[in-house]
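What follows is a short report on a single structure.
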Amino acid sequence: MANKGAYAAIEIDDDDELQFQSFASSSASPNATGNISSSNSTPQPRPTGFGGTGAFDPHRSIQDQAGARPIWSVEYYSKFFDVDTAQVMERCFASVIPKENFLDVMQGSPDLYGPFWIATTVVFVLFVISSIVESINAYAAGTPYRYDFTALTFAFGTIYSYAFLVPTVIWGATKYFGCQPDLLDMLALYGYGLTIWIPVAVLCVLPFDLLRWGLVILGAAASGLFLVRNMYPVLSRAEAQTSKSILILVVALHGLLALVLKYKFFAYTVTAPSQPPAPTR
């Protein structure tokens, strides 16, 4: 089809032969190809919330950067760790002292870098604190101390299961009931929700069981409220009975984690050094 504004002239010569000449409009672009292009190529920002239709939101820009990279390549997963220290610290503080919706804090760019290192730090702190207390008890009792690496294995399995396996299960349940969550958002919520357990574990080295109970309850309440507050909008998309059941499951698993930490790592007693017997006269 000719360009808009073009016209044709017909000339008849003496030999009765027809000749056609076309004249393009001067306003037409000399490089026009007739292809249709979008008038706005600016990518639209991703709305906050669990809005993805698959395991991850296909509209997120950090995923678009992956292109056609295969899922087994390192480059495919590098986009989930594209975050700087300032962003990680801001998200850690926002999970401990929530002043606004955590999804707004992430600004549509959740990461796995923070959740991975937070979970790893919690495992390390749990093992170190329990080892310190046990070494003090061994010193007070006058017996040699040996590191219990089964505690490290238990802490690793417990924390990593809660940080990555539990949110995956919750994501599957919410997706099955039509809530359309985003797995990356779910993993970020559970990962950053573990931040409060770092100071709790450090303070639980104090030899006061009542104080340790208070710290565990405070940590469980703060992190539980953080999860419920940010997950309720997506859970409310399901039926009332379904969303209530999933919410109960979230709270129950969170309470189970707090009890496991209390009885496995914070249920110790510091033995006072035994006094040598008084010399007999």
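Within 6.0 Å of the CD1 atom in Ile248, the count of heavy atoms belonging to other residues, nucleotides or ligands exceeds 12. More than 12 heavy-atom neighbours from other residues, nucleotides or ligands sit within 6.0 angstrom of CZ on Phe81. For Tyr232, the OH atom sits in a loose shell: 12 or fewer heavy atoms of surrounding residues, nucleotides or ligands are nearer than 6.0 Å. Atom CZ of Phe116 sits in a crowded spot, with more than 12 heavy atoms from other residues, nucleotides or ligands closer than 6.0 Å. No more than 12 heavy atoms of other residues, nucleotides or ligands lie within 6.0 Å of OH in Tyr113, so this atom counts as exposed by the packing criterion.
Residues Tyr176 and Ile246 are members of one and the same hydrophobic cluster, defined by side-chain heavy-atom contacts under 4.5 angstrom among Ile, Leu, Val, Met, Phe, Trp and Tyr. Hydrophobic clustering of Ile, Leu, Val, Met, Phe, Trp and Tyr side chains at less than 4.5 Å, counting indirect connections, unites Val228 with Val234. When hydrophobic clusters are built by joining Ile, Leu, Val, Met, Phe, Trp and Tyr residues whose side-chain heavy atoms come closer than 4.5 Å, directly or via intermediates, Val202 is grouped together with Val216. Residues Tyr147 and Val205 share a hydrophobic cluster, clusters being chains of Ile/Leu/Val/Met/Phe/Trp/Tyr side chains in contact below 4.5 Å. Under the 4.5 Å side-chain heavy-atom criterion for grouping Ile, Leu, Val, Met, Phe, Trp and Tyr, Val122 is connected to Trp117 within one hydrophobic cluster.
The backbone N or O of Thr158 lies less than 3.5 Å from no partner atom in the side chain of Ser161, so there is not a single donor-acceptor pair. In terms of modelled atom types and a separation under 3.5 Å, the side chain of Gln107 and the main chain of Asp104 share no donor-acceptor contact. Judged by distance alone, the side chain of Asp111 and the main-chain N or O of Gly114 form a donor-acceptor pair under 3.5 Å. In this structure, the side chain of Arg91 does not engage the main chain of Val105 through any donor-acceptor pair within 3.5 Å. Although no hydrogens or angles enter the test, the distance criterion places a donor-acceptor pair under 3.5 Å between the side chain of Thr153 and the main chain of Phe149.
Gly219 and Ser223 get closest at one heavy-atom pair: O-OG, 2.7 Å. Minimum heavy-atom separation, Ala258 to Trp197: CB-CH2, 3.9 Å. For Ala155 against Val123, the heavy-atom pair with the smallest separation is O-CG2, 3.6 Å. The two residues Tyr190 and Pro167 have their closest heavy-atom pair at CD1-CB, 3.5 Å. For Ala119 against Ala163, the heavy-atom pair with the smallest separation is CB-CB, 4.1 Å. In terms of heavy-atom proximity, Pro110 sits nearest to Ala188 at CB-CB, 4.0 Å.
The distance from atom OG1 of Thr242 to atom CG of Leu247, rounded to the nearest 0.5 Å, is 12.5 Å. Here the straight-line distance linking atom CD of Glu90 with atom CG of Asp84 works out to 9.5 Å at 0.5 Å rounding. The distance from atom CG of Asp185 to atom CH2 of Trp171, rounded to the nearest 0.5 Å, is 12.5 Å. Taken to the nearest 0.5 Å, the CZ atom of Phe208 stands 11.5 Å off from the CG atom of Leu215. Between Leu227 atom CG and His254 atom NE2 the span is 6.0 Å, to the nearest 0.5 Å. Of the inter-residue distances, the one linking Cys204 atom SG with Ile129 atom CD1 reads 9.0 Å to the nearest 0.5 angstrom.
Residues Met231 and Met186 form a side-chain contact, since some pair of their non-hydrogen atoms from C-beta on lies under 4.5 Å apart. At least one side-chain heavy atom of Val125 sits less than 4.5 Å from a side-chain heavy atom of Thr121. Between Arg229 and Phe102 the shortest side-chain heavy-atom distance does not fall below 4.5 Å. Within the 4.5 Å cutoff, side-chain heavy atoms of Phe226 are placed close to those of Leu189. Between Asp148 and Phe127, the closest side-chain pair of non-hydrogen atoms is not below 4.5 Å. Under the 4.5 Å side-chain criterion, counting only non-hydrogen atoms from C-beta, Phe154 is in contact with Val260. Residues Leu152 and Leu126 fail the side-chain proximity criterion, which asks for heavy atoms closer than 4.5 Å. At least one side-chain heavy atom of Thr195 sits under 4.5 Å from a side-chain heavy atom of Cys92.
Aromatic rings of Tyr145 and Tyr139 (six-membered ring for Trp) have centroids beyond the 6.0 Å cut-off, not under it. The aromatic ring centroids of Tyr263 and Phe265 lie 6.0 Å or more from each other.
Between Asp209 and Lys262 there is a salt bridge, since a side-chain N of the basic residue sits under 4.0 Å from a carboxylate O of the acidic one.
Side-chain atoms of Tyr192 and Asn230 include no donor-acceptor pair closer than 3.5 Å.
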For this session: Report the C-alpha separation of Leu187 and Thr168 in whole Å, then their side-chain angles, then the decisive distance to 0.1 Å, and conclude whether the side-chain contact (heavy atoms from CB on, under 4.5 Å) test is met.
Result: CA-CA 7 Å; Leu187 292 171; Thr168 303; 4.1 Å; yes
